[in-house]
Amino acid sequence: MSLDTSRISLTFPDGNSRDYAAGVTPAEVAADISKSLAKKAISAKVDGQHWDLQWPIDADAKIAINTMADEAPALELIRHDLAHVMARAVQELWPDVKVTIGPVIKDGWYYDFDREEPFTPEDLGAIEKKMKEIINLRDPVRTEVWDRDRAIAYYKANGENYKVELVEAIPADQKIRMYWHGDWQDLCRGPHLQHTGQLPADAFKLMSVAGAYWRGDSNRPMLQRIYGVAFRNRDDLKAHLTMLEEAAKRDHRKLGREMDLFHMQEEAPGQVFWHPNGWTIYTTLQDYMRRKQRADGYVEVNTPQVVNRKLWEASGHWDNYGENMFIVEVEEDHAREKTVNALKPMNCPCHVQIFNVGTKSYRDLPLRMAEFGSCNRYEPSGALHGIMRVRGFTQDDAHIFCTADQIEAESAKFIEFLAGIYADLGFDKWRVKLSTRPEKRVGSDESWDKMEAALANACDMAGRPYEIFEGEGAFYAPKLEFVLTDAIGRDWQCGTLQLDPNLPERLDADYVGADGERHRPFMLHRAVLGSFERFIGMMIENFAGRLPMWLAPRQAVVASIVSDADDYVHEVVAALKAAGVRAEADIRNEKINYKVREHSLGKVPAILAVGMKEVEERTVSLRRLGENRTETVTLDQVVADLAAEGTPPDLR
RNA sequence: GCUGCUGUAGCUCAGUGGUAGAGCACUCCCUUGGUAAGGGAGAGGUCGACAGUUCAAUCCUGUCCAGCAGCACCA
């Protein structure tokens, strides 16, 4: 601690410290250490904060000088400064374009522009070229702190209305930093590189252009957003582009076609035509879920698809979600008015109807009511995506009717149930999000305290850490969401556990308590997979089509090498089928190479080739998907092995 | 829903103001081949739908439908 306020002490990562005049910049500190460091430096870490090399340091601090070797700050600065460089390139090419915002995102950045003409792919090439020119200029970066009025006046004079709005939105206690490289100016809090020449001209790429609302608000103007990706060097960029190609190869829409799982067509947008192969996956998964649910104390029900609007009015869906419901109107000659129904968008109101039949006792609770409920929602056209976001789908839905006291134990029980299923399905990376009370809500703070605590405690009981998402809960109650991470690192929110004191109230559900009085039950909405359509789509991409044997629609193909082996092929198929293996014969007049290629592309886990040698020895030549070696196995052995591997995990 | 792009054979894609082509898949023939495409022949299309411009539209214009990317949405 230096006593003289004009002197400060900076401590380096190695523990040594040096004194400097207050207001020293990291650039000066770096220069003080070595000439080469001064040149290589890109930014600093000052008391844990990412610090521009030009920002003065006014008090004692820990300091570390960053170079391109420090991955996180390097990528941050590269992507950030490329956003500025891109904005400058655009304005140099088209001076009338207005700039807005350009943040760093995963793998890169974007920048939103206001321009009448749409950007074309050719424009992106021209912008990239201009960006490289700007990088080569090695223009130093300069920042200044301005006062608000000056910044507003400046942007007004330049006609940059979006920037005016941004400046006005900056909280009064925050500095307004103005940024330049060359003569080009932007509003930016930084930090930044020393000069544009520090940017890797060969390690970025402009990817796409798309519309985006100003400030994310669909009532405001639509801007044009250009996306870019950037890395520290060319190899990293190439690796990223290769990864994108790999992800494209996993696309469930492409694999769905190649594996003959399903198709979709214009006449039924957002709805799936399941083919035999795809439906096998679906029913296999559903059978598994049904067994798991039964074992966990659920009863299964089934409820109507077409339900009169009266029920949706009572549940509140008609008012709140009417626009997203499929309406079915029926004209009846004898009726005074036409009957208006809606296809059910969710199952809960129907489940309450079942609950409401007869008088329920506290002894009936908790009542776990499950349905593989077919739902239809009129999703906005732009939201549809393969079988992942559809208008007709089936949830692995259930509602647990319980008392307030039972919420915690039921929630914990559900988390364990879900954990077992994710493990069976091959997902070991998943996390829990706890969404808490939003600003607009109903119910007292005490009741929110209790509900949030119940969910948090349930996570603790199940031994699962959770992240809190403040204000993300529904207006009536908090919820848990279960997010799993797939094989290529993408997150999918699948499971959910939503508390609900609201719907039992609206639909007047009650039970008789031990005290002989009527009480309102709580409802827990819960799902593990979410929807079968989405979950299967996600699994196809996760496994790149190579589903675990028990879920693979075609588990084995027995292929003849010569037609004299055909009879034996049929015998092998029959033996496999008898053992419960989904097996097919391929005795087409084609070479074995051709058959192997076709079934490999079809992602069949086991190809059993049979020639005269196998016929004589009563063996098969087994080739597993993804391997290019083969193995000779006796018929009995291969039947036993494939049957065992094809057994669902809960039946092993 | 919004912005942009796209829509030609089952799939992937060429192409033209004078009503169309390739490869693969499909059917048939030859071939019986030992682990990722053997050879030949044939069949297959209201060029997304509807209007308009034109002597003539798959091609140009408009509207609609669907798909793709992003945004917004996701009870």
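Being a predicted model, the structure only gives us computed values, none of them experimental. Basis for what follows: all heavy atoms, side chains included, without hydrogens, waters or symmetry-related copies. Throughout, protein chains are lettered first and strands after them, A, B, ... in sequence-line order, and every chain is numbered starting at 1.
Atom P of nucleotide B/G4 and atom CZ of A/Phe113 are separated by 17 Å, given to the nearest angstrom. Rounding to whole angstrom units, CD of residue A/Glu614 and P of B/G33 are separated by 14 Å. One can place CZ of A/Arg257 at 19 Å from P of B/C24, the figure rounded to the nearest angstrom. As rounded to whole Å, 13 Å separates atom P of B/U3 from atom CD of A/Glu116. When rounded to the nearest whole Å, the span between CG of A/Asn219 and C1' of B/U3 equals 15 Å. The nearest whole Å value for the distance from the CG atom in A/Asp123 to the C1' atom in B/G4 is 12 Å. Atom pair A/Lys254:NZ and B/G10:P shows a separation of 20 Å (rounding to whole Å applied). In this structure, A/Ile226 atom CD1 and B/U3 atom P are separated by 18 Å, rounded to whole Å.
In this structure, the side chain to side chain donor-acceptor pair (under 3.5 Å) partners of A/Asp491, at least two apart in sequence or on a different chain, are A/Arg431, A/Thr485. Annotation: side chain to side chain donor-acceptor pair (under 3.5 Å) contacts of A/Lys479 (sequence neighbours excluded): A/Glu481. With sequence neighbours excluded, no residue forms a salt bridge (Lys or Arg N to Asp or Glu O under 4.0 Å) with A/Lys129.
The one candidate from A/Arg253, A/Lys249, A/Lys254 that meets the salt bridge (charged side-chain N to carboxylate O under 4.0 Å, His left out) condition with A/Asp251 is A/Arg253.
For A/Pro118, whose side chain is taken as the heavy atoms from C-beta onward, the closest listed nucleotide among B/G4, B/G1, B/G33 is B/G4.
Taking the six-membered ring where the residue is Trp, the centroids of A/Phe119 and A/Trp94 are separated by under 6.0 Å. Checked against the 6.0 Å centroid threshold, A/Phe532 and A/Phe372 count as a close aromatic pair. For A/His351 and A/His525, the distance between ring centers is not under 6.0 angstrom. For A/Phe273 and A/Phe262, the ring centers are positioned 6.0 Å apart or more.
Without hydrogens or angle criteria, A/His317 side chain to A/Glu313 main chain gives no donor-acceptor distance under 3.5 Å.
Nucleotides B/A75 and B/A49 are separated by 35 Å at their C1' atoms, to the nearest Å. B/U27 and B/G70 are spaced 44 Å apart, taking the C1' atom of each and rounding to whole Å. Comparing the same atom, C1', in B/C74 and in B/U6 gives a spacing of 26 Å after rounding to whole Å. B/C47 and B/G38: their C1' atoms are spaced 34 Å apart (whole Å). Comparing the P positions of B/G21 and B/G42 gives a spacing of 14 Å, expressed to the nearest Å. Straight-line distance between the P atoms of B/U58 and B/U16: roughly 16 Å, to the nearest whole Å. For the C1' atoms, the distance linking B/C13 with B/A20 amounts to 14 Å, nearest Å. Comparing B/C60 with B/G18, their C1' atoms sit 15 Å apart, to the nearest whole Å.
Note that A/Lys440 lies outside the cation-pi zone of A/Phe475, set by a 6.0 Å cut-off to the ring centre and a 45° limit from the axis.
Residue A/Ser563 places no side-chain N or O under 4.0 Å from the OP1 or OP2 atom of B/U32. Contact annotation: A/Tyr594 does not reach the phosphate of B/G39 (side-chain N/O to OP1 or OP2, under 4.0 Å).
Looking at RNA chain B, the stems built from 3 or more consecutive Watson-Crick or G-U wobble pairs, each pair with its key distances under 3.5 Å, are B:1-7 with B:65-71, B:10-13 with B:21-24, B:26-30 with B:38-42, B:48-52 with B:60-64.
No engagement by A/Glu631 is indicated, since no non-hydrogen atom pair under 4.0 Å with the nucleic acid exists. Residue contacts shown for A/Lys613 include a base, since a base heavy atom lies under 4.0 Å away. At a threshold of 4.0 angstrom between heavy atoms, the contacts of A/Ile607 with the nucleic acid are absent.
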Counting primed atoms, P, OP1 and OP2 as sugar-phosphate and everything else as base, the B/S/- map of nucleotides 68-75 of chain B against protein heavy atoms under 4.0 Å is SSBBBBBB
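You won't find any donor-acceptor pair under 3.5 Å spanning the side chain of A/Glu117 and the base of B/G4, going by distance alone.
For the pair A/Ser381 and A/Gly611, nearest-nucleotide mapping onto RNA chain B gives the more 5' position to A/Ser381.
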Could you go over nucleotides 58-63 of chain B and give all protein N or O partners under 3.5 Å, atom names and distances?
none

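Salt bridge A/Glu541/A/Arg490: present, at least one basic N to carboxylate O contact under 4.0 Å. Under 4.0 Å is where a charged nitrogen must lie from a carboxylate oxygen, and between A/Glu165 and A/Arg220 at least one such pair does.
Side-chain contact annotation: A/Thr303 with A/Gln353, donor-acceptor N/O pair under 3.5 Å absent.
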